[in-house]
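Here the structure is laid out as structure tokens; the discussion comes afterwards.
Only a predicted model underlies this, so the values are computations on that prediction, with no experimental measurement involved. Just so you know, residue 1 is the first one in the sequence shown, and it goes up from there.
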Amino acid sequence: MENINETSTDFFLLGLFPPSRIGLFFFILIVLIFLMALFGNLSMIILIFLDTHLHTPMYFLLSQLSLMDLNFISNIVPKMASDYLFENETISFIGCGVQSFFFVALAGAEGLILASMAYDRYVAICFPLHYPTRMSKEVCVLLITGSWIMGSINSCAHTAYVLNIPYCRSRTINHFFCDLATMLTLACMDTWVYEYTVFLSITLFLVFPFICIACSYGRVLLAICRMRSTEGRKKAYLTCSTHITVVSFYYAPFVYTYLRPRSFRSPTEDKILAVFYTILTPMLNPIIYSLRNKEVMGALRRVIQRFCSVKI
């Protein structure tokens with residue numbers, strides 16, 4: 001194995017599942033979660049597209065979140081599942097670069113989209129009269145395209161660096177996908193300068209947006225407490241609590257993983273935390289936003305009734 005690692009440009013992924021019955025159980029569970037995530041996010045995207053009542057900035061941003069989650073989980077799970085089924089741990093040098101690029105790009109873009117969604121709720125609740133101008137169609141498009149572009153530019157820089165550093169040790173990546181931080185441990189050069197750029201990227205794309213989200217929801221909670229309408233207060237609280245739940249599931253394991261010094265990290269713990277933001281969060285987001293949202297459930301009923309009437 002070592003000779004192959006030293007002469008081949010391919011990488012080797014150790015994966016997530018142990019070769020046992022417990023591993024098979026977790027493999028089946030992950031596949032079911034993957035299918036639920038595919039169905040949930042695709043349904044959310046199609047529903048928002050079909051129902052005109054959901055053609056608002058809030059739901060356009062939500063459709064982008066679903067699109068990112070769909071790509072996020074599809075970038076990781078199919079390769080991991082095929083490796084387990086066919087006992088093929090290898091991934092080509094280019095394939096590893098492509099997977100790393102999409103992982104970093106989608107992670108950064110999703111962090112910015114979540115911040116955009118928090119800004120949307122902040123304006124809607126704190127400045128309802130200015131909402132049509134502050135969250136116009138042009139502003140919404142700018143937030144969406146800006147998230148995709150900034151995430152992609154950041155990813156290009158990181159991926160280009162990691163693919164151009166020399167690997168003179170074993171090419172075995174102790175993870176279930178090509179995680180850039182794990183790949184750095186295989187380099188035969190000092191990467192402390194690059195690790196500072198990773199810290200800077202995490203700060204810009206995760207920590208800073210999280211602080212903005214926390215501040216905006218602090219203002220939102222104050223505005224909710226001042227509302228006279230009980231129904232309006234309940235609706236605003238439900239929307240905000242949903243978003244806070246999604247943000248917590250996404251940001252907490254991500255920040256905890258990548259802001260810790262390398263000496264405090266362990267491969268097993270990194271894998272478990274990665275399951276949260278790469279697999280569980282994409283599955284939970286459409287469930288949280290649909291089951292706790294009367295507008296989404298109402299749109300689902302209207303779309304089903306429309307299709308049933310067409311068939312009849």
[atom1] of [X] to [atom2] of [Y]: how many Å apart, nearest 0.5 Å?
| X | Y | atom1 | atom2 | result |
| --- | --- | --- | --- | --- |
| Leu186 | Thr172 | CG | OG1 | 7.5 Å |
| Met135 | Leu143 | CE | CG | 5.5 Å |
| Ile73 | Asn285 | CD1 | CG | 10.5 Å |
| Thr257 | Leu273 | OG1 | CG | 4.0 Å |
| Met189 | Leu184 | CE | CG | 9.5 Å |
| Asn174 | Thr185 | CG | OG1 | 8.0 Å |

Proximity of Phe254 and Tyr277 rings by center, below 6.0 Å:
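Aromatic pair counts; centres sit under 6.0 Å.
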Can the ring centroids of Phe127 and Tyr122 be said to lie less than 6.0 angstrom from one another?
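For Phe127 and Tyr122, the ring centres are under 6.0 Å apart.
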When [X] is tested against each of [options] for ring-ring contact (aromatic ring centres under 6.0 Å, His included), which residue passes?
| X | options | value |
| --- | --- | --- |
| His158 | Tyr194, Phe101, Tyr258, Phe205 | Tyr194 |
| Phe72 | Phe103, Phe102, Phe34 | Phe103 |
| Phe17 | Phe26, Phe176, Tyr84 | Tyr84 |

Greater than 12 external heavy atoms within 6.0 Å of [X]'s [atom1]:
| X | atom1 | value |
| --- | --- | --- |
| Phe210 | CZ | no |
| Tyr131 | OH | yes |
| Leu24 | CG | yes |
| Phe276 | CZ | no |
| Leu85 | CG | yes |

If you draw the axis of the six-membered ring of Tyr119, does the NZ or CZ of Arg121 fall within 45° of it and under 6.0 Å from the ring centre?
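Output no; distance or angle outside limits.
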cation_pi(Arg171, Phe11) dist<6.0 Å, angle<=45:
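Judged by the rule, Arg171 and Phe11 form a cation-pi pair.
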With side chain to side chain contact (heavy atoms under 4.5 Å, CB included) as the criterion, how do Leu70 and Leu42 come out once you've worked through the C-alpha distance, each side chain's angles and the decisive distance to 0.1 Å?
CA-CA 8 Å; Leu70 189 65; Leu42 274 174; 3.8 Å; yes
Using a 3.5 Å distance criterion without hydrogens, assess whether the side chain of Ser43 forms a donor-acceptor pair with backbone atoms of Phe39.
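Yes, because the side chain of Ser43 sits within donor-acceptor range (under 3.5 Å) of the backbone of Phe39.
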Backbone N or O of Cys156 within a donor-acceptor pair of the Thr159 side chain at under 3.5 Å?
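Checking the backbone N and O of Cys156 against the side chain of Thr159, no donor-acceptor pair under 3.5 Å is found.
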Side chains of Ser201 and Asn154, donor plus acceptor under 3.5 Å
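Yes, a side-chain donor-acceptor pair sits under 3.5 Å.
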Under a plain distance cut-off of 3.5 Å, with no hydrogens placed, do Asn88 and Asp83 share a side-chain donor-acceptor pair?
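Note: Asp83 and Asn88 side chains miss the donor-acceptor criterion.
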Pair Asp51 + Arg302, salt bridge at N-O below 4.0 Å:
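Salt bridge flag = yes for Arg302 with Asp51.
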Test: Asp120 and Arg134 ion pair at under 4.0 Å
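No, no charged N to carboxylate O under 4.0 Å.
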